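Take a look at the structure set out below.
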Amino acid sequence: MSIGTIGVLTSGGDAPGMNACVRAVVRTALYKGIKVKAIMKGYQGLISGDIIDIDNRRFVSEIINRGGTILHTARCLAMTTPEGALLAADAVKKAGIDCLVVIGGDGSYRGALELSKAGVNVLCIPGTIDLDIASTEYTIGFDTAITTAMDAINKLRDTSTSHDRVSVVEVMGRRAGYIALWAGIAGGADVILMPEKPEDNNIDKICDVVNKNKDIGKTHSLIVVAEGVGSVEEIAKQVQERTGIEARATILGHLQRGGYPTALDRVHASMMGGIAVEIANENRFSRAICYKNGRYIDIDLEEAINMTKTIDKTMYDISKMLV
Ligand code: ATP
């Protein structure tokens with residue numbers, strides 16, 4: 001017997017493309033004759049019963065092109081407690097939701113696992129700009145975020161070249177360095193610092209690169225730093241003091257989360273949303289939807305959570321040769 005009602009929520013940090021994913025879940029479900037309930041503000045809205053019926057495909061009209069999430073999102077501390085998870089599980093059952101689709105990052109996956117242990121049917125879709133979910137090679141929002149970061153780096157390059165400065169740019173990524181690595185390569189960074197490579201966060205090594213640039217007549221340098229590494233102001237101060245070249249720090253911050261999603265984000269989001277509904281319709285639950293080796297697959301949720309991700313060695317090694 002196929003499911004009667006599917007629920008959908010977005011959780012954790014918002015990511016461009018989440019709306020396209022919500023739209024895909026809603027439209028694919030309605031197409032298959034499955035009822036849809038949307039939960040507002042992630043797990044917080046679930047616990048407080050902020051749930052709305054969606055019986056019209058037009059509810060998700062005109063959102064494929066919009067950043068953020070129309071369902072809003074939240075970080076919900078209560079969900080991390082056993083009592084909170086039970087309250088959330090009760091809310092799912094009370095709402096008559098047969099399967100809950102969670103679009104979010106690693107933390108959201110952990111919340112979903114707690115729900116599944118409490119008897120809720122869950123499916124997870126990777127929605128985070130950070131690309132830090134080990135089970136998948138793609139997370140919704142990443143391409144838009146790195147494109148935004150690259151655009152900002154391009155602009156900083158213009159001004160640092162004109163003023164012969166060192167630009168130290170902090171990009172997002174929480175505890176992961178993927179945005180820094182990708183935006184750094186795309187923006188032509190001289191130094192890329194990531195939390196996964198603490199040995200690179202060495203002021204002597206960084207100044208060495210800046211000084212070598214100076215020796216070959218390049219009076220500007222670009223240092224891209226993942227937010228999990230440390231203070232960009234401090235790095236800029238140290239570089240200026242030690243090299244004598246003016247250094248400025250810039251924190252890109254939340255602007256990396258906004259903006260209209262790229263085609264890649266919209267297509268991955270649409271595919272993963274549609275696939276989640278198909279999996280639910282096959283009565284398969286506690287699964288994480290992944291993109292791997294050019295294909296969409298699904299794996300056991302707990303297995304997905306227990307996987308660890310590392311920076312691709314080839315990509316890292318090549319990035320070092322590009323400066
Ligand atoms: P992003 O990294 O893109 O911000 P995320 O999903 O990892 O996304 P988090 O804030 O870590 O963002 O998690 C989102 C929500 O998931 C938390 O606010 C909390 O409600 C729930 N959550 C996180 N960790 C756990 C956990 N260990 N157990 C239960 N719920 C959790």
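In this text the structure is predicted, and so the values were computed from the model without any measurement.
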Applying ring pair (Phe, Tyr, Trp, His ring centres under 6.0 Å), name anything that partners Tyr109, two or more places apart in sequence or on another chain. none

Main-chain N/O of Glu302 paired to Asn306 side chain as donor or acceptor, under 3.5 Å: yes

Any side-chain heavy-atom pair of Ile129 and Phe142 under 4.5 Å: no

Partner residues of Tyr138 under the ring pair (Phe, Tyr, Trp, His ring centres under 6.0 Å) criterion, sequence neighbours left out: His268

List for me each residue that meets side-chain contact (heavy atoms from CB on, under 4.5 Å) alongside Thr10, sequence neighbours excluded, and say none if there are none. Met18, Val22, Thr69, Leu71, Thr73, Ile103

Heavy-atom distance under 4.5 Å between the side chains of Thr250 and Leu156, does that happen here? yes

Compute whether any side-chain donor of one residue and acceptor of the other, for Asp312 and Tyr178, lie under 3.5 angstrom apart. no

Do the side chains of Met272 and Ile140 get nearer than 4.5 Å, heavy atoms only? yes

Just by distance, do the side chain of Asp98 and the backbone of Ile6 share a donor-acceptor pair under 3.5 Å? no

Without swapping roles, check the side chain of Thr81 against the backbone of Gly84 for a donor-acceptor pair under 3.5 Å. yes

Arg284 with Asp298: basic N within carboxylate O range, under 4.0 Å: yes

For a quick test of your reading: what N or O donor-acceptor pairs under 3.5 Å do the side chains of residues 38-47 make, sequence neighbours left out?
residue : atom : partner : partner atom : Å
Tyr43   : OH   : Ser108  : O            : 2.6
Tyr43   : OH   : Ala112  : N            : 3.1

Please examine the side chains of Val26 and Arg57, heavy atoms only from C-beta on, and report whether any two atoms are closer than 4.5 Å. no

With no hydrogens and no angle check, is any side-chain donor or acceptor of Asp143 less than 3.5 Å from a backbone partner on Leu264? no

Show me the donor-acceptor pairs within less than 3.5 Å that the side chains of residues 86-96 make with the rest of the protein, sequence neighbours left out.
residue : atom : partner : partner atom : Å
Lys93   : NZ   : Ala118  : O            : 2.9

Do any pairs count as a salt bridge (Lys or Arg N to Asp or Glu O under 4.0 Å) and have a residue in residues 115-124, sequence neighbours left out, and if so which ones? Glu114-Lys117

Any Lys/Arg nitrogen of Asp106 or Arg174 sitting under 4.0 Å from an Asp/Glu carboxylate oxygen of the other? no

Any salt bridge between Arg175 and Asp130, counting N to O under 4.0 Å? no

